[in-house]
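Lettering follows sequence order; numbering is per chain, from 1. Values in this document were obtained by computation on a predicted structure and should not be read as measured data.
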Amino acid sequence: MKLLLIHSDHFEYEVTEKTNVAEEISEELKKGKMEEVLACFITVESIDEKDPDQIVEKSVNEIEDTLNKVNAEGVFLYPYAHLSQDLGSPEVSVKILKRIEEKLRDNEIKTKRSPFGWYKAFEIKCKGHPLSELSRKIIPEEEEEDEEKGEEKRKVESKYFILTPNEREIKLDNLDQVKEEEIPTGTLKDYIYSEELEKKSSEKPPSVDSMRHLEIADYEEASDPGNLRLYPKGKLIFNLLEDWSDEIAVDRLDAVEIDTPILYDWSQPDIQEQGESFHERHYRVFPPEKDDELVLRFAGDFGLFRMLKEAILSYRNLPLRIYEFSKSFRYEKRGELSGLKRLRTFHMPDIHSFTTNLSQGWKEYQKLFKEYDDLAKGTNIEYAVVFRVVEEFYEENKDKIFEMLKYSDKPAFVEVLSERKHYWVVKHEFQGIDSTKNNTQLATVQLDIEDAERYDITYTTKEGNEEGCTICHSSIGSIERWMYSILEEAHKMEKPKIPIWLCPTQIRLLTISEDNLEYANKIKEKLKEEGIRVDIDDRNERLGKKIREAEKEWIPYIGVIGDDEEKEDFINLRIREQEKEEKFEVEEIVELIKEKLEGKPNRKLPLPDMLSKRPKFVG
RNA sequence: GCCCCGGUGGCUUAGUUUGGUAAAGCGACGGUCUUGUAAACCGUAGAUCGCGGGUUCAAAUCCCGCCCGGGGCUCCA
């Protein structure tokens with residue numbers, strides 16, 4: 001237990017808001033104050049659970065001691081989580097706090113307590129004399145000895161490595177003093193600096209502005225913060241990314257697709273349990289003519305796990321891959337929202353693979369890794385590979401991890417945990433790096449050996465026994481976040497570019513005068529027949545201006561059509577990638593573009609193909 | 001949620017320090033020009049200065065509260 005004791009003229013608090021672990025309290029506990037008081041900020045730690053009685057006794061002695069020394073008139077107990085990284089469970093903590101309060105009262109000390117698990121505002125006036133601020137650490141007897149020997153029991157320790165595709169394992173002894181030459185590539189280095197070493201950049205990501213100016217996404221004041229609107233071009237990019245996610249899940253992985261409700265009854269214990277394992281708060285919905293409270297789902301797992309719990313599974317059915325493209329809602333704190341990067345409503349494609357055991361699960365894991373790697377490469381964004389793995393599993397399966405790295409041809413940052421402390425034994429993340437060098441988590445795969453039991457998802461073995469599944473969770477990450485990463489990747493370039501298969505307009509034809517319109521239309525029809533998104537700037541404007549506007553839209557190919565072209569049947573093509581102009585025939589252009597669209601989803605132009613007919617959504 | 005910064009026609013901004021008729025460019029609309037590789041010319045319309053309250057003879061400007069956006073912190077007591 002950690003104690004912070006402050007001898008104060010005045011101490012006062014008032015509850016502001018509940019947390020997930022809030023204790024039920026009466027009206028009178030909602031505020032309180034005291035004068036000439038010893039304010040005790042208390043943090044119950046996990047080791048205290050070994051011997052709560054002893055902890056209570058020791059802390060009461062400590063508080064009384066200090067009280068007598070400073071001559072305060074009373075004690076104010078204030079639960080305060082911020083003194084330790086290693087907190088005790090809420091239940092035990094409340095128990096300990098209440099018993100300290102009782103004991104002090106028994107000893108005829110004027111005592112008050114503020115409630116556990118609430119956000120509170122407080123005021124304090126510290127006296128400032130030498131004894132007025134004290135901190136104390138209290139631990140159970142047997143632990144004390146261990147501490148003295150320098151043994152930290154039950155603590156999960158992390159070791160860090162860099163693994164390279166050519167099977168080198170580089171140990172990073174001291175993460176704070178990583179030498180530059182130890183980290184092989186720029187992207188991985190950027191990730192380590194941004195996330196692991198917490199050297200965040202404080203620039204505004206340029207996509208926050210460009211998502212609006214490119215008419216992709218925008219804020220909607222009439223909604224809740226973090227709920228964006230998509231313009232036609234944004235919706236197209238969204239749809240294409242969704243198509244691609246569908247294709248990987250359904251066509252390449254043979255996953256079966258399902259859909260489940262977005263609203264759930266909060267009184268269901270399994271829903272609440274999942275709610276607590278997520279730290280995010282959620283939207284609450286109160287239907288008319290009913291007392292129930294519903295929640296908007298904050299992950300796709302709810303409905304799926306319930307479906308699978310009821311399903312009858314045999315070992316013959318496994319591995320079973322299930323795909324769901326779901327809308328999720330997380331009530332993120334206000335200050336955490338940012339552009340397309342962090343939202344309160346977003347879309348997640350999830351694939352869960354239900355398997356018989358760890359070894360089948362691990363095979364699924366590797367398969368998913370490779371598919372997601374293909375997908376990530378198709379968007380041309382830079383990403384770092386980060387593994388987190390329990391030590392025992394790591395030692396046994398290092399070779400397979402190297403195999404995956406060979407596939408992605410990237411080095412990885414690996415955190416090896418001495419023991420399992422989460423539901424997974426191994427997971428990895430693809431971490432995107434934005435143009436301000438901050439990281440964003442994209443795809444993840446997690447091998448889960450706990451949830452099947454927790455949610456009672458079982459199958460029948462060959463021998464006729466019922467056993468829990470091993471679940472492989474995975475997601476490419478939210479579509480919105482991919483849009484963010486793709487825009488940010490563009491901003492890293494001198495001339496921003498997004499992959500051609502995602503460009504709303506792939507080629508724009510510019511007419512020099514209205515006489516060229518008929519010829520331009522013929523070319524447009526030919527390109528359109530080939531499934532290329534083409535439009536014509538038919539407005540009565542000068543060429544320079546049409547060029548300028550097309551460039552500002554990041555259009556990859558701009559074809560100029562005037563009298564010369566019409567006479568000799570060619571197009572003057574301005575290629576963004578190469579920053580040059582060249583004469584092309586229509587067939588050559590078709591070939592050039594189609595080659596780059598190979599294997600990617602396709603959709604038609606999301607707006608009228610004549611610019612004169614097209615509205616402006618953002619000035 | 002806390003702290004810092006910002007919000008002025010659809011867009012980009014000036015004006016706020018020192019209170020005194022809201023200013024410009026782009027865009028839209030009408031017209032002239034028939035245009036050759038990053039902004040033609042003339043004209044017209046368009047602003048509850050984020051919202052609400054206060055101070056003042058007078059508020060975009062000063063004060064208070066709220067909303068929205070950005071960044072940082074916090075992200076279970």
Pairwise [atom1] distance, [M] and [N] [rounded to whole Å]:
N     : M     : atom1 : result
B:A45 : B:G25 : P     : 14 Å
B:C49 : B:A59 : C1'   : 11 Å
B:G54 : B:U61 : C1'   : 15 Å
B:C57 : B:A40 : C1'   : 49 Å
B:C5  : B:A22 : C1'   : 24 Å

NA contact type, A:K120, heavy-atom cut-off 4.0 Å: base, sugar-phosphate, or nothing? sugar-phosphate
Base, sugar-phosphate alone, or nothing: which one does A:V94 contact when heavy atoms must sit under 4.0 Å apart?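 Nothing: the residue A:V94, judged by heavy atoms under 4.0 Å, touches no strand.
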Under the side chain to side chain donor-acceptor pair (under 3.5 Å) test, which residues partner A:R229, sequence neighbours left out?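 Per chain and number, A:R229 pairs via side chain to side chain donor-acceptor pair (under 3.5 Å) with A:E220, A:Y231.
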Taking atom P of B:G27 as reference, at what distance in whole Å does atom CZ of A:R614 sit? 17 Å
Atom-pair distance (CD on A:E332; P on B:C2), nearest Å: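 These atoms are roughly 17 Å apart.
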From the options [options], select the nucleotide whose nearest atom is closest to the side chain of [X].
X      : options             : answer
A:E336 : B:G1, B:U34, B:C68  : B:G1
A:P205 : B:U34, B:C73, B:G71 : B:G71
A:K333 : B:G70, B:A28, B:G1  : B:G1

Between A:Y219 and B:G70, does any side-chain N or O lie under 4.0 Å from OP1 or OP2?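 Yes, A:Y219 has a side-chain N/O under 4.0 Å of OP1/OP2 on B:G70.
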Between A:S338 and B:G71, is there a contact of a side-chain N or O with OP1 or OP2 at under 4.0 Å?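 It does, given that an N or O in the side chain of A:S338 lies less than 4.0 Å from OP1 or OP2 of B:G71.
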Axial cation check for A:Y331 ring with A:R344, 6.0 Å and 45° limits: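 Judged by the rule, A:R344 and A:Y331 form a cation-pi pair.
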May I ask you to establish whether A:K120 and A:Y78 are in a cation-pi arrangement, using a distance under 6.0 Å from NZ or CZ to the six-membered ring centre and at most 45° from the ring axis? yes
Check the pair A:S194 / A:N439 against side-chain hydrogen bond (donor to acceptor under 3.5 Å, both in side chains), numbers first and verdict last. CA-CA 6 Å; A:S194 167; A:N439 69 299; 2.6 Å; yes
Mind checking who [N] pairs with, Watson-Crick or G-U wobble, both distances under 3.5 Å?
N     : result
B:A58 : none
B:U17 : none
B:A28 : B:U44

Is any NZ, NE, NH1 or NH2 atom of the basic residue among A:D535 and A:R614 found under 4.0 Å from an Asp or Glu carboxylate oxygen of the other? yes
Starting at the 5' end of nucleotides 36-42 of chain B, put B wherever the base has a protein heavy atom under 4.0 Å, S where only the sugar-phosphate does, and a dash everywhere else. BBBBB--
